[in-house]
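Here is the naming used below: chain letters follow the sequence lines, and residue numbers restart at 1 for every chain. In this text the structure is predicted, and so the values were computed from the model without any measurement.
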There are 2 protein chains.
Amino acid sequence: MSIRLPASARREQLLDVALQVFARQGYHGASMNDVADAAGVTKPVVYQHFDSKRDLYLALLDSVGERLLTAIYTATAGATSGKHVTELGFQAYFRWVAHDHDAFLLLFGGGGKADDEFNDAVRKVTAQVAESIKPLIAADIDPEHQRTLAHALVGIAEGASRRLVDNGTDFDPDLLARQVSDMAWAGLRAVSRPPTAADSDPDSPRRTRRASTR
Amino acid sequence: MSIRLPASARREQLLDVALQVFARQGYHGASMNDVADAAGVTKPVVYQHFDSKRDLYLALLDSVGERLLTAIYTATAGATSGKHVTELGFQAYFRWVAHDHDAFLLLFGGGGKADDEFNDAVRKVTAQVAESIKPLIAADIDPEHQRTLAHALVGIAEGASRRLVDNGTDFDPDLLARQVSDMAWAGLRAVSRPPTAADSDPDSPRRTRRASTR
DNA sequence: CATAGAGGTGACCTCAGGGTAATCGTGGCG
DNA sequence: CGCCACGATTACCCTGAGGTCACCTCTATG
C-alpha cells in the first residue's frame, strides 16, 4: 500500500500528478489508472477526490488558467507605460511557460478533447489575457479591430512558446520577453500612427482604413 | 445500400467527410463509424481505403498542411517587397482559414491526440511557414532570435484566426490580413532598426541586445 | 445471359478504460 | 485495549470503439 495521506494533501498531490500526466499524454492518452499509478495509488482513490475524469480535467484547467492570469496581472500591475506593460506581460507569460511547462502544454498543447466545456475553459483564459492587452492598443481604432490585435498578441506569446516547449530546449524567459515585446510594441505603436514614408510600399498604395472586421 | 462509387472517388469523398467529422468532433470524439455514416457508407468501406484511424488522420493532416503551405507559397511568389510579402502571406493564411474552416480546426483546433507523429505533422507545417517568414526578418540578428520571431508571426495568424473561428462569425480575410500585417510588418521593421526616441521608455532604459535565446 | 470482380454490408471479436461495490488495515481516541 | 473512521485496495462491470471476416449485390463485359 502507498503512504497514507490526509484527504486534502492527497487531493493536491493528485492535481499535481494529473497535470503532469495529462500534459504528457493528453486527455485521452492518459487513463485514470495512469493518474493513479503516477500518484502511487489506485484508481478508486482518484474517484474519492474527483467525480469523473472530466471533473479532474476541468479542475486542472481552472487552476492552471488561474495561475497564468494572476501571474500576468500581478506582473503588469506596477507598470508605468504601455511599453513597460507589454514587456512585463510577455515576461510573466514566458516565465510561466518556463516554470510551469506542463501547464502550458495542458492549456495549449493540443492534447485536449474537442469538447465545448473544455474549449470554453481555455478560451476564457486567452480571452481574459487579450482583454488585459486591449488597453495597450490605440483607442482610436475599431473595437473589433482592437480585439483582433489583442488576440494576435496572445498568439505571439503562444507561438513563440510552443516552438520552445516542443523543442524541449530550456530558454531564458526574460530574454525572450525582450525580443518579442520589442517587436510587439513596435507593431502596436504603428497601428495608431499614420504610416511614415519608410513604412510605405510603392507596390501597394495606402488604402483607407475601414472600420469593422465583419 | 449507398450509391456505388469508383474507389478513387470514394477515397476522396472519405477524406472530405473525415475532415469535417474530425474537425468538429476531434480525433477521439469521432469514431470510424461516424466517418462512415457521414459518408453514407459502412465501416469496412473506410478500412478498404485506409489501414487504420491513424492512417486516415495522418493522410488528412498531410493533405491539409499541404494546402496551407501551397496557398502561402503561391500567394507570396509574386510579392515585390517585404511588406508586400507579409500582407500577401497573411492574406493567404486568412483566406485559407475562411475558406477551409475545418482544415484550420484540424491542424490547430486542439482536438488532436497527444501523439508524437501527429504533433510532428502539425509542427512541420508551422515550422515551414515560419521558415518562409524568416527572410522577412532583419538578417543582422541572431538566427535563434529570428526563428523566435518567425514563430511569433505564425502565432499571430493563429491567434487572430482562432478567435474568429471559435466565435463562429464570418470574417473578411483580406481586411483581417491588412489589419494584422500592418502591425506585424511594423514590428518586424522595428527589430532591425535602432530604436527611435519615440519608442524608448523612460522607465526601462535601453539594454544591450544579447545574441542568443538559449 | 452468364460471370468475374469491384464495391459494399451485417455481425462479430477484442480490449481498453471509465466507473463502482465490497472489503481491508491502521492509526488515533476514549 | 478495543474500536471507529478514514484512507486505500481488490476485483469487478460494462460500454464504446477499433478492426476483421464472410458474405452479398450490382454492373460491366464478352
Side-chain angles (χ1 to χ4, degrees), chain A residues 1-61 106 111-118, chain B residues 1-61 106 111-118:
Chain A
M1 204 198 307
S2 68
I3 302 149
R4 287 183 82 157
L5 283 184
S8 65
R10 181 65 77 194
R11 191 190 150 92
E12 289 310 305
Q13 185 221 8
L14 285 173
L15 282 170
D16 265 17
V17 155
L19 173 57
Q20 290 176 244
V21 173
F22 281 130
R24 285 186 194 356
Q25 305 177 221
Y27 180 75
H28 292 279
S31 72
M32 290 301 260
N33 257 323
D34 290 341
V35 173
D37 283 353
V41 113
T42 54
K43 204 166 39 161
V45 173
V46 181
Y47 280 96
Q48 279 164 12
H49 295 274
F50 303 93
D51 287 345
S52 66
K53 195 180 183 183
R54 288 184 67 80
D55 190 42
L56 170 57
Y57 198 76
L58 278 172
L60 276 176
L61 286 180
L106 193 83
K113 181 184 165 71
D115 176 294
D116 285 342
E117 204 172 349
F118 292 176
Chain B
M1 204 198 302
S2 68
I3 302 150
R4 288 182 84 157
L5 283 184
S8 63
R10 182 64 78 195
R11 191 189 149 93
E12 290 309 306
Q13 185 220 10
L14 285 173
L15 282 170
D16 266 18
V17 155
L19 174 57
Q20 290 176 244
V21 173
F22 281 128
R24 286 187 193 357
Q25 305 175 222
Y27 180 75
H28 291 279
S31 72
M32 289 300 259
N33 258 323
D34 291 340
V35 173
D37 284 354
V41 113
T42 54
K43 204 169 33 162
V45 172
V46 182
Y47 281 95
Q48 279 164 12
H49 295 274
F50 303 93
D51 288 345
S52 65
K53 194 180 184 183
R54 289 184 67 79
D55 190 41
L56 170 57
Y57 197 76
L58 279 172
L60 276 176
L61 286 180
L106 192 82
K113 180 184 166 68
D115 176 295
D116 285 341
E117 204 172 349
F118 292 175

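Take B:F118 and apply the ring pair (Phe, Tyr, Trp, His ring centres under 6.0 Å) test, not counting sequence neighbours, and it matches B:Y27, B:Y57. Legend: residues meeting side chain to side chain donor-acceptor pair (under 3.5 Å) with A:Q13, ordered by chain and number and at least two apart, are A:R10. Residues passing the ring pair (Phe, Tyr, Trp, His ring centres under 6.0 Å) test with B:H28, sequence neighbours excluded: A:H28. For the salt bridge (charged side-chain N to carboxylate O under 4.0 Å, His left out) test, residues two or more places apart in sequence or in another chain that qualify with B:E117 are B:R54.
At a non-hydrogen distance threshold of 4.0 Å, A:P44, A:V45, A:Q48 from residues 43-51 of chain A come into contact with DNA chain D. Near-neighbour residues of DNA chain C inside residues 16-38 of chain A, defined by a heavy atom below 4.0 Å, number-ordered: A:A30, A:S31, A:M32.
The main-chain N or O of A:D51 is found under 3.5 Å from a side-chain atom of A:D55 such that the two form a donor-acceptor pair. No donor-acceptor distance shorter than 3.5 angstrom exists from the side chain of B:D37 to the backbone of B:D34, with no hydrogens or angles considered.
As rounded to whole Å, 15 Å separates atom P of D:dG16 from atom NZ of B:K53. Taking atom CD of B:Q13 as the reference point, atom C1' of C:dG8 lies 13 Å away to the nearest angstrom. Atom-to-atom, CZ of B:R4 to P of D:dC24 comes out at 15 Å; the value is rounded to the nearest Å. For the pair B:L5 CG and D:dA28 C1', the interatomic distance rounds to 16 Å; values are reported in whole Å. Atom pair B:L14:CG and C:dG8:C1' shows a separation of 12 Å (rounding to whole Å applied).
The side chain of A:T42 sits closest to D:dT10 out of C:dG19, D:dG18, D:dT10.
For C:dG8, one of the phosphate oxygens OP1 or OP2 lies less than 4.0 angstrom from a side-chain nitrogen or oxygen of B:R10.
Among all heavy-atom pairs drawn from A:A114 and B:R24, the shortest one is CB-O, 4.3 Å.
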A:V46/A:K53 under side-chain contact (heavy atoms from CB on, under 4.5 Å): CA gap, chis, key distance, verdict: CA-CA 9 Å; A:V46 181; A:K53 195 180 183 183; over 6 Å; no
